[in-house]
Enquirer: 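Before anything else, here's the structure in question.
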There are 2 protein chains.
Amino acid sequence: MHLVSRSSIIALVVRDSIRILQGQGYKATKPRKLVLEVLEETEKPLSPYDIKGILRARGKYLNHVTIYRILDLLCSLNLAHKMLSSGGFVKCSLDAIEGCHRFMVCQHCGAIREFADKELCQEENDFAQDFGFHTEYHLSEFSGLCSQCYRK
Amino acid sequence: MHLVSRSSIIALVVRDSIRILQGQGYKATKPRKLVLEVLEETEKPLSPYDIKGILRARGKYLNHVTIYRILDLLCSLNLAHKMLSSGGFVKCSLDAIEGCHRFMVCQHCGAIREFADKELCQEENDFAQDFGFHTEYHLSEFSGLCSQCYRK
DNA sequence: TAGCTAATTGCAATATTATTGCATTTAGTT
DNA sequence: AACTAAATGCAATAATATTGCAATTAGCTA
């Protein structure tokens, strides 16, 4: 039961991200909106050329250089992340805890989900601290099966 | 105070890794020993071409294709890992817990260290389980400053 | 709303990284 | 020493990433 449509959620999240960009002095350009939309819709790690292909299939053309630069920007602002497993990029959830990003990647359907957990995050930081290591940010990637794929 | 020399430790670790390879039916070839040595000595994430360069500087030549294939093999056996931050490869410590690898990467000196912690690992898996996610393995990467670089 | 300007994008050229099929070599065995 | 499957090297190619500069555009300002 959905109270709001998927597409309206996407539009909302994209708008939020754009607002963050603007808040940092970056412009709300068409290419940036397009890349954010694709990342938000797809929910799977995408390479720059994946994104280019998806957009082209919709009749939208973006130069690959532009996509590289947009992804760099999004990552620098923690609005996107580069995944280890695939090398692809994913959109971060906006409520992710600063400096701590935890992803689960389903080996079967490829879907990724991001989770924020303050406690676990703190514990990990403490753990590092015990080794005299001062953590700036950390990234955790789980690989396995999501609940739906596990049942099959 | 070192009771054993650094180089003898490296030799030992390399030999252990080679033994694991042989145990799985893979041959103990010169190129594989060379790549393992470099990874073990360097303690920093290295790209295939980094490895090629280091070896060439020592008068050893390996084709880059060979290095790619060796790194693939090592990763598939959990003897090496590809790091998120740099995309470079690092040697895994042999005592790392099955399915759970935790690295700390110093942003200043670039050194990486792997840590195994059964409890933290279990906690993370439980956390995933709560979301209905069944973890096959996970990888955690801390980025920050090591104790030495922090003091400066 | 037109015009201005810095930021952003597109383009072309190039560099870097990765992959493939096949001939040659080598480790581990007999 | 000879054999054989496995591993490496080579050449060609594909895919991915980067750079400098010209053209365009978003967000201002008048």
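Note on naming: letters A, B, ... go to the chains in the order of the sequence lines (proteins, then strands), and numbering restarts at 1 for each one.
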Enquirer: Return whichever of Q22(B) or K82(B) has its heavy-atom-nearest nucleotide of DNA chain C closer to the 5' end.
Expert: K82(B)
Enquirer: Over how many whole Å does the gap from I70(B) atom CD1 to dG9(D) atom C1' extend?
Expert: 12 Å
Enquirer: Is R6(A) salt-bridged to E43(A), going by a charged N under 4.0 Å from an acidic O?
Expert: yes
Enquirer: Within this structure, what is the CG-to-C1' distance between L71(B) and dT8(D), rounded to whole angstrom?
Expert: 14 Å
Enquirer: Whole angstroms only, please: what is the OH-P distance between Y49(B) and dT16(D)?
Expert: 15 Å
Enquirer: Before you tell me yes or no, could you show the steps for R69(A) and D72(A) under salt bridge (Lys or Arg N to Asp or Glu O under 4.0 Å), namely the whole-Å CA-CA distance, both residues' side-chain angles and the distance that decides it to 0.1 Å?
Expert: CA-CA 5 Å; R69(A) 292 191 273 225; D72(A) 278 350; over 6 Å; no
Enquirer: Return the 5'-most residue of the pair K30(B), S47(B) with respect to DNA chain C, ranking by each residue's nearest nucleotide.
Expert: S47(B)
Enquirer: Measure the distance from CG on L34(A) to C1' on dG10(C) and round it to the nearest whole Å.
Expert: 15 Å
Enquirer: Tell me the interatomic distance from F89(A), atom CZ, to dT16(D), atom P, rounded to whole angstroms.
Expert: 12 Å
Enquirer: If you check every side-chain atom of P31(A), which of dC10(D), dT9(C), dT19(D) has the closest atom?
Expert: dT9(C)
Enquirer: Check whether any side-chain N or O of R102(B) sits under 3.5 Å from a backbone N or O of E141(B) as a donor-acceptor pair, and report yes or no.
Expert: no
Enquirer: Using a distance-only criterion (donor-acceptor N/O pair, under 3.5 Å, no hydrogens), is the base of dT16(C) paired with the side chain of H64(B)?
Expert: no
Enquirer: Could you state the CG-C1' distance from N63(A) to dT24(D), rounded to the nearest angstrom?
Expert: 13 Å
Enquirer: With a 4.0 Å cutoff (strictly under), does any side-chain N or O of T29(A) reach OP1 or OP2 of dT25(D)?
Expert: no
Enquirer: Give a yes/no on whether any side-chain N or O of Y26(A) is located under 4.0 angstrom from OP1 or OP2 of dT25(D).
Expert: no
Enquirer: Of G25(B) and V65(B), whose nearest nucleotide on DNA chain D comes first from the 5' end?
Expert: G25(B)
Enquirer: Regarding E114(B) and H101(B), do their side chains bring together a donor and an acceptor under 3.5 Å, going by distance alone?
Expert: yes
Enquirer: By nearest atom, which of the nucleotides dT26(C), dT8(D), dC11(C) is closest to the K27(B) side chain?
Expert: dT26(C)
Enquirer: With a 4.0 Å cutoff (strictly under), does any side-chain N or O of Y68(B) reach OP1 or OP2 of dA18(C)?
Expert: yes
Enquirer: Reckon R69(B) touches a base, only the sugar-phosphate, or nothing at all at heavy-atom distances under 4.0 Å?
Expert: base
Enquirer: In whole angstrom, give the distance that lies between atom CG of L62(A) and atom P of dC11(C).
Expert: 11 Å
Enquirer: Measure CG/L21(B) against C1'/dG28(C) and give the value in whole Å, please.
Expert: 15 Å
Enquirer: How long is the span from the CD1 atom in I67(B) to the CG atom in L74(B), to the nearest 0.5 Å?
Expert: 11.5 Å
